[in-house]
Number of protein chains: 2
Amino acid sequence: MIRDSSLCGAMQDNELHALSSIARRKTFPTGQVVAWSGDPNSVCANVVAGAVKVTASTPDGREQIVGLLYPGDFVGHPFAEDATLTVTAVGETDLCLFPRGPFERTLGEHRTMERRLLQQTMESLGGAQQRILSLGRKNAAERIASFLLEVLDRTRPDHEDGPAEIDLPISRGEMADYLGLTIETVSRQLTRLRKDGVIAMAKGDRCCTVLSRERLELIADPD
Amino acid sequence: MIRDSSLCGAMQDNELHALSSIARRKTFPTGQVVAWSGDPNSVCANVVAGAVKVTASTPDGREQIVGLLYPGDFVGHPFAEDATLTVTAVGETDLCLFPRGPFERTLGEHRTMERRLLQQTMESLGGAQQRILSLGRKNAAERIASFLLEVLDRTRPDHEDGPAEIDLPISRGEMADYLGLTIETVSRQLTRLRKDGVIAMAKGDRCCTVLSRERLELIADPD
DNA sequence: CGTTTAGTTGAACCTTATCAAGCCCTGTGG
DNA sequence: CCACAGGGCTTGATAAGGTTCAACTAAACG
């Protein structure tokens, strides 16, 4: 179902076959860890359904979500000996797992796959660079607005204007870990957006209606 | 001179030849812009000597350095139509420039090169993720200490302990833009490190002696 | 039901930004 | 040769944004 947006997108049938012969489908319940930081780096994967968070943390336990991956996204770090990041399912999640060794070998045998992975990695890098800008230079309101727009673009790629309902994939605490803020600040900023009529959202809910995409964009990227 | 650490590292002579036939060497004076954000994405490059900064900025002009690249590092974003980032020489810098089109073609013709670029891009992504952690969860002191260690590791890869002299590649203002702080905070944190005897450094100087790497590490990653 | 968990809200505090002044070095022009 | 302007850096005072701590609500769950 997610073929064309994922690694498999550009591939021939024989290549797909090579991949699927090493792949293993698995469902992870909410909160289950797929791979631990510090463990040997043994798997790569494609997200099939649900989502995963990729987290880094300081030795004293502060946590930061460095990536949020959705269906079609590639997870993992080929060629690295050890995992430096923890991968966790957020919400019930289906992954297509590839043991790293065989995956790297398959990569070597199928050019289109390697090319596609290179392009995906370049895109991830671009995304990471945007997040560096957010975390380094944006205030709380701007970060929250940017995040809502990110989720909106992910789930409604064709949306242009007018009200749109989005379902936040993560909790307030996870939003805080993603945006480099605290739970309290996230909560306050959301109520502020609600009071200002930019979004509509029941208290404590994960469901959120963007009333004015335009205003949200203005907050995310002021001019 | 920087062959083995750069893209060219894993290549055969015929591949090197292919690359060098499209390459153009150029020296950029301090502050000169190599590529502008928003312009068509026309070049990739390898840093030969000196260093470049890669910056992103908000529409209202706040600036963030998203990457700092040294000799051997690859600069650019193959496959992207437009540049979203600005690349600027910091200090007198030699680059080996590749027009993007021919570079992508060459990439398609030389597997080892593509493989190597994939690995480099993965490493860049890992670095970016570490910086997301820093910007999201570390305070000013920790960021400064992390940065000094980064520079130390770059310039003295074999250094383990004891005093070591390092030359900061960038100004205070650029450190601020790199670390998501202000000039004033950077300055204050450096004098603090100086007063605490962690580093020795003449006021306003770019040269800095790390007196205790151990203490610096303790500050960068508290436990 | 009582307990737990996620989220909201308020008050006090703290880190960092902002504003302002001054220093030092360099380069320039009288 | 000196006065002066400018840039890079430091330092101080003040302000603000976000964190921390704490209380509270509401839904979920045994």
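Proteins come first, then strands; the chains are lettered A, B, ... in the order of their sequence lines, and each starts at number 1. Atoms considered below: every heavy atom in the structure, side chains included; atoms not considered: hydrogens, waters and symmetry mates.
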Worksheet entry | Pairing of Arg172(A) and Asp177(A) as salt bridge, 4.0 angstrom limit | no
Q.
Using a strict threshold of under 4.0 Å (side-chain N to carboxylate O), is an ion pair present between Glu142(A) and Arg62(B)?
A. yes
Q: For the pair Arg213(A) and Asp153(A), find out whether any cationic side-chain nitrogen is under 4.0 Å from an anionic carboxylate oxygen.
A: yes
Per-nt protein contacts along nucleotides 18-30 of chain D (heavy atom under 4.0 Å; B base, S backbone sugar-phosphate only, - none) come out as SBBB---------
Rounded to whole Å, CZ of Arg206(A) lies from P of dT8(C) at a distance of 11 Å
To the nearest angstrom, the CD1-C1' distance between Ile183(B) and dG12(D) comes to 16 Å
Whole-Å distance, Ile170(A) CD1 to dA6(C) C1', equals 14 Å
Separation between SG (Cys208(A)) and CG (Asp167(A)), nearest 0.5 Å, reads 9.5 Å
| request: Would you indicate, yes or no, if dT9(C) has its OP1 or OP2 atom less than 4.0 angstrom from a side-chain nitrogen or oxygen of Lys203(A)? | output: yes
Taken in chain and number order and not counting sequence neighbours, the residues that satisfy side chain to side chain contact (heavy atoms under 4.5 Å, CB included) with Glu92(B) are Thr27(B)
From CD1 of Ile144(B) across to P of dC9(D) the rounded distance in Å is 12 Å
Whole-Å distance, Gln64(B) CD to dA17(C) P, equals 12 Å
So salt bridge (Lys or Arg N to Asp or Glu O under 4.0 Å) across residues 44-59 of chain A, not counting sequence neighbours, yields Lys53(A)-Glu174(A)
